[in-house]
Number of protein chains: 2
Amino acid sequence: MRKHNNKKTVVNCTFSRYLIVMTSKSLNSWHEIQDEVLSRIQAGIWKPGTIIPTENDLAREFECSRATVSRALNALSADGLLDRRRKGGTKVNLNPVRKATLPIPVIREEVEGRGCTYRSLVIEKEKRKPSPAIRAQLSLDADCFVMHVKSLHMADNQPYAFEDRWVNLDVVPDFEQADLTKISANEWLLQNSGFSAGDVAFYALNAGQQEAENLGCREGEALFVLERITQVNGKAITFVRLFYRPGHRISTTL
Amino acid sequence: MRKHNNKKTVVNCTFSRYLIVMTSKSLNSWHEIQDEVLSRIQAGIWKPGTIIPTENDLAREFECSRATVSRALNALSADGLLDRRRKGGTKVNLNPVRKATLPIPVIREEVEGRGCTYRSLVIEKEKRKPSPAIRAQLSLDADCFVMHVKSLHMADNQPYAFEDRWVNLDVVPDFEQADLTKISANEWLLQNSGFSAGDVAFYALNAGQQEAENLGCREGEALFVLERITQVNGKAITFVRLFYRPGHRISTTL
DNA sequence: TTCTTTATTATGCGCAAGCATAATAATAAA
DNA sequence: TTTATTATTATGCTTGCGCATAATAAAGAA
């Protein structure tokens with residue numbers, strides 16, 4: 001039992017830890033307050049666009065300190081549900097959910113998460129000069145070398161996604177020697193190039209001949225494509241296009 | 001200037017607000033600490049999988065209180081960059097970025113954000129009994145009524161996205177009278193049905209006859225589709241499928 | 001040796017207090 | 001009436017303190 005909880009017990013009634021819980025709105029953790037506020041919003045008690053009571057009022061109601069209320073409201077604000085500003089008070093956001101958090105896949109985990117056996121297959125691995133398009137994407141010089149890797153991610157021996165990747169050998173020269181039969185390029189880079197940031201894009205594309213062959217689908221079928229540029233210390237390290245097999249969907253709960 | 005900042009100035013040197021900034025690592029806001037920690041991770045000083053110094057050590061280094069360091073680290077933890085546990089310490093997450101935060105569009109804003117003029121067009125609006133598929137999606141009875149609305153979102157008088165929407169009239173009966181020429185179904189629901197939660201999915205689909213006609217593309221072209229079920233108080237209120245014009249992509253920075 | 005008990009440690013959490021700051025409202029000066 | 005000045009207010013942020021808790025390590029008993 002926590003100190004403040006003890007204090008309350010003493011102040012109010014010798015056995016009243018339970019009484020407090022049952023007879024008042026005393027909420028003593030910021031998690032509980034967060035949940036309570038959330039459910040009031042969802043129940044329509046506090047409607048989108050309106051201002052909810054001040055931290056001090058809530059602190060009084062929940063019988064806790066302002067700091068605790070503040071922490072709960074800040075968490076909801078970070079999630080985009082509340083809009084808080086000095087003097088202005090705390091508003092329920094009008095368009096409460098505008099953000100979806102999508103898992104960016106480490107494909108092996110994605111496949112295994114579906115209960116399938118993962119296997120990856122290197123189709124082609126070639127050291128070459130970058131094409132102009134790739135040079136632009138990775139902002140490279142004309143006379144540097146890149147690694148071009150095509151591979152196939154399999155789930156239970158069925159094609160799951162076809163990968164087309166370019167790796168900047170200036171930044172990760174060791175990649176040339178990487179044994180991609182043991183570990184996928186994705187995971188090799190994760191383990192050998194430290195922290196990464198980058199841009200991701202999703203779009204739909206009609207399968208070309210190459211994609212159709214590798215994924216075992218008809219040409220022209222609509223494929224879900226993930227494109228990603230990864231940077232380390234501001235230098236582009238790899239550009240990937242991931243063509244998922246037809247029917248693939250990604251989903252999330254708001 | 002803040003109190004603690006004043007204090008430091010006095011303690012160290014009369015004019016040393018700048019000296020402090022330049023000669024020590026004194027960081028006094030949790031934002032600054034967050035940025036510093038982030039850049040150390042990105043610079044590879046603290047590598048993925050390793051444990052970073054304790055709150056107390058960092059507080060000593062940054063010359064601030066443990067609470068402030070804690071707040072910064074908690075924020076990074078909420079973003080999925082750090083993994084924190086009692087006694088275990090604070091670890092840099094191995095797969096540092098597994099989440100992409102995508103904006104879920106209010107299409108008018110999305111279009112206007114591109115500098116285009118938005119217009120929406122109702123193609124069909126019909127009160128009817130739900131099809132079995134829709135009944136399952138919205139978990140409805142067989143004898144209730146739903147509104148089926150097809151509409152087109154235009155950007156600069158070009159088709160931008162084709163919308164196929166089902167609305168549960170049990171939950172929002174007023175929707176039957178909504179004037180969708182003045183306000184899109186999406187925004188009407190946002191304004192009239194309070195807080196909403198739901199599921200979103202993205203996938204690729206070959207354009208059918210209907211989609212091709214409305215978007216002005218060929219049948220079979222790959223379309224990027226967003227599917228969304230919105231709930232209010234746990235009751236499904238609407239099911240939408242949004243077919244974007246060919247070439248549409250959504251992107252985000254990790 | 002093995003099992004149990006007892007520190008130790010780093011984060012988790014809450015409180016009270018106080019100053020900082022942005023936005024607004026009230027008031028005074030022009 | 002308009003403009004500048006001065007409260008007022010609600011959140012933002014930091015501090016110092018102390019207890020709670022989970023995971024581990026060390027010490028002791030079987």
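So you know, we letter chains A, B, ... as the sequences are listed, proteins then strands, and number each from 1.
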Colleague: Between which residue ranges does DNA chain C form stems of three or more consecutive Watson-Crick or G-U wobble pairs, both distances under 3.5 Å?
Modeller: C:2-29 with D:2-29

Colleague: Return the value, rounded to whole Å, for the distance between atom CZ of B:R86 and atom P of D:dA22.
Modeller: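 In whole Å, D:dA22 P and B:R86 CZ are 6 Å from each other.
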
Colleague: Less than 4.5 Å apart, any side-chain heavy atom of A:N168 and any of A:K235?
Modeller: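 When only atoms from C-beta onward are counted, A:K235 and A:N168 do not touch, as no gap falls below 4.5 Å.
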
Colleague: Starting at CZ of B:R84 and ending at C1' of D:dA23, how long is that distance when rounded to a whole Å?
Modeller: 15 Å

Colleague: Got a salt bridge between A:E227 and A:R165, using NZ or NE/NH1/NH2 to carboxylate O under 4.0 Å?
Modeller: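 Here A:E227 does not pair with A:R165 in a salt bridge, since their nearest N and O are not under 4.0 Å apart.
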
Colleague: Whole angstrom is fine here: how far is it from CH2 in B:W30 over to C1' in C:dA20?
Modeller: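 Those two atoms, CH2 and C1', are 16 Å apart.
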
Colleague: Side chains of B:W30 and B:N74: closer than 4.5 Å at any heavy-atom pair?
Modeller: no

Colleague: In whole angstroms, how far is the C1' atom of C:dA16 from the CD atom of A:E63?
Modeller: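 Atom-to-atom, A:E63 to C:dA16, this comes out as 17 Å.
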
Colleague: Quick one: salt bridge (charged side-chain N to carboxylate O under 4.0 Å, His left out) partners of B:D170, sequence neighbours excluded?
Modeller: none

Colleague: Between A:F202 and A:F224, is the gap from one ring center to the other below 6.0 Å?
Modeller: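 Ring-ring flag for A:F202/A:F224: true, centres closer than 6.0 Å.
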
Colleague: Does A:E55 pair with A:R60 as a salt bridge, N-O distance under 4.0 Å?
Modeller: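 A salt bridge is absent here (no side-chain N lies under 4.0 Å from a carboxylate O).
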
Colleague: Of the nucleotides C:dG14, D:dC13, C:dT11, which has the atom closest to the B:S29 side chain?
Modeller: D:dC13

Colleague: Looking at side-chain heavy atoms only, is the closest gap between B:L121 and B:T181 below 4.5 Å?
Modeller: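 A side-chain contact is absent here, since even the closest heavy-atom pair is not under 4.5 Å.
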
Colleague: Look at the side chain of B:N93 and the backbone N and O of B:G80, then say whether any donor-acceptor pair between them is shorter than 3.5 Å.
Modeller: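 Yes; judged by distance alone, with no hydrogens or angles, the pair exists.
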
Colleague: Would you mind reading off the distance between A:R85 atom CZ and D:dT11 atom P, rounded to a whole angstrom?
Modeller: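 Whole-Å distance recorded here is 13 Å.
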
Colleague: Taking the basic N atoms (NZ, or NE/NH1/NH2) and the acidic carboxylate oxygens, is any pair closer than 4.0 Å for A:R241 and A:E163?
Modeller: no

Colleague: Let me know the distance between CG of A:L76 and P of D:dG12, rounded to the nearest Å.
Modeller: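 Those two atoms, CG and P, are 12 Å apart.
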
Colleague: Given atom CD1 of B:I33 and atom P of D:dC13, what is their separation to the nearest angstrom?
Modeller: 12 Å

Colleague: Choosing from D:dA22, D:dG12, D:dC13, which nucleotide comes nearest the side chain of B:H31?
Modeller: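 So the nucleotide nearest the side chain must be D:dC13.
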
Colleague: Could you state the atom-to-atom distance from NZ of B:K91 to C1' of C:dT9 in whole Å?
Modeller: 16 Å

Colleague: Counting the atoms with a prime plus P, OP1 and OP2 as sugar-phosphate, which does B:G88 contact under 4.0 Å by heavy atoms, base, sugar-phosphate, or nothing?
Modeller: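 No contact.
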
Colleague: For DNA chain D, determine which residues of residues 65-74 of chain B have any heavy atom closer than 4.0 angstrom to one of its atoms, and list them numerically.
Modeller: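 Only B:S65, B:R66, B:A67, B:T68, B:R71 qualify.
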
Colleague: Report yes if at least one side-chain N or O of A:T90 is closer than 4.0 Å to OP1 or OP2 of D:dT11; otherwise report no.
Modeller: yes

